[in-house]
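Hydrogens, waters and symmetry mates play no part in the numbers below; they use all other heavy atoms, side chains included.
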Amino acid sequence: MIIWINGTYGVGKTTVANTLNKIYSGNSKVLEPDELWLSFLSSNLTMGFRGGGAYPQANEDFIDFLKVRINEIISSYEGLLIIPMAVTEQLSYNTLIRTNQNKIKQFILEANENILHERINQDKNRDKNLATYSMKENIDFLNKISDAIHIDTSNMTSDEVANCIISKI
């Protein structure tokens, strides 16, 4: 089974994914798309990109690469695959999540916009402009997804969010 942790930038997807991986009692692992993106970029520096350029979820080549990688993992892995990735573009959503709905349980993490801004500003490694630039648009996209489990993380710790996810799988 795939647990897809979706949400806008700064909501805590990676933190929750790592916490979930740590406390889940069964076999689990995290597939970190940000790390795959860096690997993908370094191996494709001289290649032109279809759609989206240096923006991972809008980059068609990367989305295809990620889809293949996910399918490789789930074909030989019996445990819980946890993927923390913001998917707020229709093309990437259709390619990665919609086409694999029978294998994916999607959780959308949400938080009050003021809390999101606080979390983004506290993260020293985050590109704050990228994280806030399309926040409203991303939230609007995610709010329209009715077949996912939405969790308001505004007043929750990562342990509480992870336990909430576990209770729903």
Side-chain angles (χ1 to χ4, degrees), residues 1-41 43-44 50-52 55-111 116 119 126 130-131 134 137-153 156-169:
M1 172 190 272
I2 299 171
I3 297 298
W4 200 290
I5 301 178
N6 201 347
T8 192
Y9 301 107
V11 77
K13 295 176 300 296
T14 301
T15 301
V16 167
N18 290 326
T19 302
L20 176 60
N21 187 44
K22 188 183 298 182
I23 66 174
Y24 181 68
S25 61
N27 191 21
S28 65
K29 67 179 171 181
V30 176
L31 174 66
E32 182 51 70
D34 287 346
E35 292 173 13
L36 286 176
W37 172 246
L38 294 175
S39 171
F40 176 82
L41 279 180
S43 62
N44 292 289
R50 295 179 295 141
Y55 184 50
Q57 68 165 312
N59 183 295
E60 294 176 43
D61 292 322
F62 177 68
I63 294 303
D64 290 344
F65 169 80
L66 181 57
K67 182 179 179 179
V68 166
R69 183 69 186 116
I70 291 168
N71 287 330
E72 288 172 353
I73 292 170
I74 61 174
S75 70
S76 62
Y77 183 66
E78 297 295 321
L80 188 67
L81 180 62
I82 306 164
I83 305 173
M85 181 181 178
V87 182
T88 58
E89 305 257 343
Q90 195 65 55
L91 176 65
S92 56
Y93 188 83
N94 291 343
T95 302
L96 295 171
I97 297 175
R98 186 78 61 209
T99 60
N100 287 311
Q101 276 184 301
N102 60 334
K103 301 172 191 169
I104 293 174
K105 188 151 194 152
Q106 181 184 188
F107 292 86
I108 297 176
L109 305 186
E110 304 168 335
L116 288 172
R119 290 176 182 173
R126 177 160 308 280
L130 175 64
S134 57
E137 183 180 311
N138 291 342
I139 291 169
D140 289 344
F141 180 89
L142 293 165
N143 282 338
K144 293 176 185 165
I145 299 171
S146 60
D147 57 349
I149 297 170
H150 293 252
I151 302 172
D152 184 348
T153 68
M156 296 174 78
T157 66
S158 61
D159 282 5
E160 291 170 329
V161 177
N163 281 311
C164 180
I165 292 171
I166 289 170
S167 75
K168 297 181 184 311
I169 56 175

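- We find the CG-NZ distance between Leu31 and Lys29 to be 8.0 Å, quoted to the nearest 0.5 Å.
- Two residues are said to be in side-chain contact when any heavy atoms from C-beta on lie closer than 4.5 Å; Ile63 and Leu91 fail this criterion.
- In summary, the side chains of Thr153 and Arg119 do present a donor paired with an acceptor at a separation below 3.5 Å, with no hydrogens or angles considered.
- Across every non-hydrogen atom of His150 and Asn143, the tightest pair is CE1-CA, 4.4 Å.
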*Please test Ile166 against Asn163 for side chain to side chain contact (heavy atoms under 4.5 Å, CB included), starting from the C-alpha separation and ending with a verdict.*
CA-CA 5 Å; Ile166 289 170; Asn163 281 311; 4.3 Å; yes
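- Applying the 6.0 Å contact sphere to CD of Gln101 captures more than 12 heavy atoms from other residues, nucleotides or ligands.
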*What's the verdict on side chain to side chain contact (heavy atoms under 4.5 Å, CB included) for Thr99 and Asn94, showing C-alpha distance, side-chain angles and the deciding distance?*
CA-CA 6 Å; Thr99 60; Asn94 291 343; 5.5 Å; no
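- Screening Ile83, Asn18, Leu20 for a side chain to side chain contact (heavy atoms under 4.5 Å, CB included) with Val30, the sole residue that qualifies is Asn18.
- Distance check, rounded to the nearest 0.5 Å: OH of Tyr77 to CG of Asn27 gives 3.5 Å.
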_Applying side chain to side chain contact (heavy atoms under 4.5 Å, CB included) to Lys105 and Ile2, what does each step give before you reach the verdict?_
CA-CA 6 Å; Lys105 188 151 194 152; Ile2 299 171; over 6 Å; no
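- For Lys22, the NZ atom sits in a loose shell: 12 or fewer heavy atoms of surrounding residues, nucleotides or ligands are nearer than 6.0 Å.
- When side chains are defined from C-beta on, Thr14 counts as touching Glu32, because their heavy atoms get closer than 4.5 Å.
- Relative orientation of the Trp37 and Phe40 rings is parallel, given thresholds of 30° and 60° on the angle between their planes.
- Taking the side chain as every heavy atom from C-beta outward, Thr19 and Val161 never approach each other to under 4.5 Å.
- In this structure, CZ on Phe141 lies 12.0 Å from OG on Ser134, to the nearest 0.5 angstrom.
- When all heavy atoms of Tyr9 and Ala86 are compared, the pair lying nearest together is CE2-CB, 4.2 Å.
- Counting heavy atoms from C-beta outward, Asn100 and Asn71 have side chains that approach closer than 4.5 Å.
- You'll find the side chain of Gln57 stays beyond 4.5 Å of the side chain of Tyr93, heavy atoms only.
- Shown here is Glu137, whose CD atom has no more than 12 heavy atoms of other residues, nucleotides or ligands within 6.0 Å.
- Taking the ring centre of Phe107 as origin, the terminal cationic atom of Lys168 falls outside the region bounded by 6.0 Å and 45° from the ring axis.
- Nearest heavy-atom pair across Ala111 and Leu116 is O-CD1, 3.6 Å.
- Between Thr95 and Glu60, every side-chain heavy-atom pair lies at or beyond the 4.5 Å cut-off.
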*Please walk me through it: do Ile82 and Ile165 pass side chain to side chain contact (heavy atoms under 4.5 Å, CB included)?*
CA-CA 11 Å; Ile82 306 164; Ile165 292 171; over 6 Å; no
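- Under the 4.5 Å side-chain criterion, counting only non-hydrogen atoms from C-beta, Arg98 is in contact with Asp147.
- Expressed to the nearest 0.5 Å, how far CD1 of Ile108 lies from CD1 of Ile145 amounts to 4.0 Å.
- Using a 4.5 Å heavy-atom cutoff, the side chains of Lys103 and Ile70 are not in contact.
- Expressed to the nearest 0.5 Å, how far CD1 of Ile5 lies from CD of Gln106 amounts to 10.5 Å.
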